[in-house]
Amino acid sequence: VQLQASGGGLVQAGTSLRLSCAASGRAFVSYAMGWFRQAPGKEREFVGAISWSGGSTYYADSVKGRFTISRDNAKNTVYLQMNSLQPEDTAVYYCAAYDNYYSDYDLSPRGSEYDYWGQGTQVTVSS
């Protein structure tokens with residue numbers, strides 16, 4: 001699976017941005033997908049994940065209620081809708097995938113569980 005993240009940019013606090021992650025290669029549909037981020041000088045942080053069907057999602061507390069993950073398996077694409085952005089959301093955002101074998105359970109927040117990673121897209125939120 002090859003992943004290509006896009007949609008980052010420079011926005012003002014309080015506004016919204018939608019990131020996309022296009023997948024190609026092996027069967028995407030069985031994979032759970034996750035979003036992570038890494039701010040300068042900080043460790044990589046889990047943002048959220050979505051199951052293969054889109055029926056289950058799991059978010060970090062820091063983004064719950066503001067960010068929404070969705071996916072379109074027909075387009076092999078996962079989205080991260082980010083609302084009410086704050087300066088502390090500034091980071092490089094990465095999409096990642098692991099084969100969860102069509103399960104809607106046990107979505108993982110651990111980066112070590114993910115086998116495939118995109119190249120990252122920069123999100124900068126100004127105050």
Side-chain angles (χ1 to χ4, degrees):
V1 175
Q2 291 81 42
L3 304 175
Q4 180 78 32
S6 62
L10 172 62
V11 298
Q12 291 189 329
T15 62
S16 299
L17 200 61
R18 189 178 79 159
L19 306 183
S20 299
C21 176
S24 60
R26 296 177 64 186
F28 163 82
V29 67
S30 68
Y31 283 68
M33 300 295 297
W35 285 96
F36 292 78
R37 66 186 183 186
Q38 188 166 20
K42 294 188 177 181
E43 293 189 352
R44 184 178 61 197
E45 175 188 24
F46 172 75
V47 174
I50 188 167
S51 65
W52 75 278
S53 69
S56 294
T57 53
Y58 176 32
Y59 297 98
D61 288 343
S62 58
V63 306
K64 198 174 297 182
R66 298 189 299 124
F67 290 12
T68 302
I69 299 175
S70 61
R71 67 189 292 164
D72 185 341
N73 286 340
K75 296 182 178 179
N76 281 5
T77 302
V78 176
Y79 305 98
L80 178 64
Q81 177 67 44
M82 305 184 292
N83 298 331
S84 302
L85 283 162
Q86 299 301 316
E88 51 266 34
D89 295 317
T90 295
V92 177
Y93 283 72
Y94 299 89
C95 59
Y98 72 101
D99 196 343
N100 205 24
Y101 303 101
Y102 297 101
S103 173
D104 276 331
Y105 302 99
D106 300 325
L107 290 172
S108 176
R110 295 178 293 276
S112 59
E113 300 275 354
Y114 290 75
D115 299 312
Y116 304 98
W117 291 81
Q119 86 289 0
T121 184
Q122 176 71 47
V123 173
T124 303
V125 184
S126 64
S127 57

**Message:** Looking at every non-hydrogen atom in both residues, tell me the closest pair between M33 and A97 and how far apart they are.
**Reply:** SD-CB, 3.3 Å
**Prompt:** Taking all non-hydrogen atoms of both residues, which atom of Y93 and which atom of L19 are closest, and how far apart?
**Reply:** CB-CD1, 3.5 Å
**Side-chain heavy atoms of V78 within contact of C95, under 4.5 Å** = no
**Message:** Quick check: closest heavy atoms across N76 and F28, and the distance to 0.1 Å?
**Reply:** OD1-CD2, 3.5 Å
**Request:** Would you check if the side chain of E45 reaches a backbone N or O of E43 as a donor-acceptor pair within less than 3.5 Å?
**Result:** no
**Asked** CG of N100 to OG of S56: how many Å apart, nearest 0.5 Å?
**Response** 9.5 Å
**Asked** Can you find a pair of side-chain heavy atoms, one from D72 and one from Y79, that are under 4.5 Å apart?
**Response** yes
**Request:** Taking all heavy atoms of Y114 and all of G34, pick out the closest pair and write down the distance.
**Result:** CE2-N, 3.6 Å
**Prompt:** Do Y31 and W117 share a hydrophobic cluster, counting only Ile, Leu, Val, Met, Phe, Trp and Tyr and linking them when any side-chain heavy atoms are less than 4.5 Å apart?
**Reply:** no
Which pairs of donor and acceptor atoms, one on a side chain in residues 3-18, lie under 3.5 Å apart (sequence neighbours left out)?
| residue | atom | partner | partner atom | Å |
| --- | --- | --- | --- | --- |
| T15 | OG1 | Q12 | O | 2.5 |
| S16 | OG | N83 | OD1 | 2.9 |

**Prompt:** Taking all atoms of both residues into account, what is the closest heavy-atom pair of L107 and Y98, and its distance?
**Reply:** CA-OH, 3.6 Å
**Item:** Identified side-chain contact (heavy atoms from CB on, under 4.5 Å) partner of R37 from the options L80, T90, V63, V123
**Value:** V63
**Prompt:** F46 vs Y58 aromatic rings, parallel, tilted or perpendicular, using cut-offs 30° and 60°?
**Reply:** tilted
**Asked** Quick one: CZ on R71 to OG1 on T57, what's the gap to the nearest 0.5 Å?
**Response** 12.0 Å
**Message:** Any non-hydrogen side-chain atom of I69 less than 4.5 Å from a side-chain atom of Y59?
**Reply:** yes
**Request:** Report the distance from atom OH of Y94 to atom CZ of F36, rounding to the nearest 0.5 Å.
**Result:** 12.0 Å
**Item:** Donor + acceptor pair across side chains of S30, D99 (<3.5 Å)
**Value:** yes
**Request:** Would you kindly confirm whether V125 and M82 end up in one hydrophobic cluster when ILVMFWY residues are joined by side chain heavy atoms under 4.5 Å apart?
**Result:** yes
**Request:** For D104 and S51, test the side chains for any donor-to-acceptor distance below 3.5 angstrom and give the result as yes or no.
**Result:** yes
**Item:** Qualifying residues under side-chain hydrogen bond (donor to acceptor under 3.5 Å, both in side chains), relative to E113, sequence neighbours excluded
**Value:** R110
**Fill in**
Heavy atoms of Q122 and V92 approach each other most closely as OE1-CG2, 3.2 Å
**Heavy-atom side-chain proximity of S62 to E88 below 4.5 angstrom** = no
**Item:** Test item: F67 and L85 side chains (from C-beta on) under 4.5 Å apart, heavy atoms
**Value:** yes
